[in-house]
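Below, all heavy atoms of this structure are taken into account, side chains as well, without hydrogens, waters or symmetry copies.
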Amino acid sequence: LIGRNGTGSNHLRDCLVDELAIFDSDQSANISDIYNSGVTHDLELLANPPMHWYRMGDGDTFPTLQDNIGSTDMTMYNMTVADIVSDVP
């Protein structure tokens, strides 16, 4: 679950999640490449791409969030189609 700890408590409140990537190794040394100075880019082109990459609404169809690199799509839970927004900062 994204936005909740393993015990089911401590939910994130009043926040938005965009561009979720899951790596299988420590990427601390590659932060500037990953964040690209705040400009979104294709994470699949990184020297060490993530195992899973979710654009979190860009091109997704409710309720499925497509895994853009792997094959593990996510399903939106307790949300509506209106929770997919396109006007991000």
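Both Met74 and Val17 are assigned to one and the same hydrophobic cluster, defined by single-linkage of ILVMFWY side chains at heavy-atom distances under 4.5 Å.
For Asp58, the salt bridge (charged side-chain N to carboxylate O under 4.0 Å, His left out) test picks out Arg55, with sequence neighbours left out. Every residue was checked against the side chain to side chain donor-acceptor pair (under 3.5 Å) condition with Ser32, not counting sequence neighbours, and none meets it.
Atom OG1 of Thr75 sits about 8.0 Å away from atom CG of Leu65, to the nearest 0.5 Å. The distance from the CD1 atom of Ile69 to the CD1 atom of Ile22 is 11.0 Å, given to the nearest 0.5 Å. Rounded to the nearest 0.5 angstrom, Gln27 CD and Asp33 CG are separated by 9.5 Å.
Taking both residues in full, the closest heavy atoms of Glu19 and Trp53 are given as OE1-NE1, 2.9 Å, listed atom of the first, atom of the second, then distance. Between Thr64 and Asp60 the shortest heavy-atom distance is O-CB, 3.4 Å.
Counting heavy atoms from C-beta on, the side chains of Ile84 and Phe62 come closer than 4.5 Å. Within the 4.5 Å cutoff, the side chain of Asn48 has heavy atoms near those of the Asn30 side chain.
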### Message
Could you walk me through whether Gln66 and Thr61 satisfy the side chain to side chain contact (heavy atoms under 4.5 Å, CB included) test, starting with their C-alpha distance in whole Å, then the side-chain angles of each, then the deciding distance to 0.1 Å, before giving a yes or no?
### Response
CA-CA 8 Å; Gln66 179 182 345; Thr61 303; over 6 Å; no
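Remark: side-chain polar atoms of Asp67 are not paired, donor with acceptor, to backbone N or O of His52 under 3.5 angstrom.
Checking each of Leu20, Asn68, Leu43, Ile34 against Pro50 for a side-chain contact (heavy atoms from CB on, under 4.5 Å) leaves exactly one that passes, namely Leu43.
For Tyr35, the OH atom counts as loosely surrounded, since its 6.0 Å shell holds 12 or fewer non-hydrogen atoms of other residues, nucleotides or ligands.
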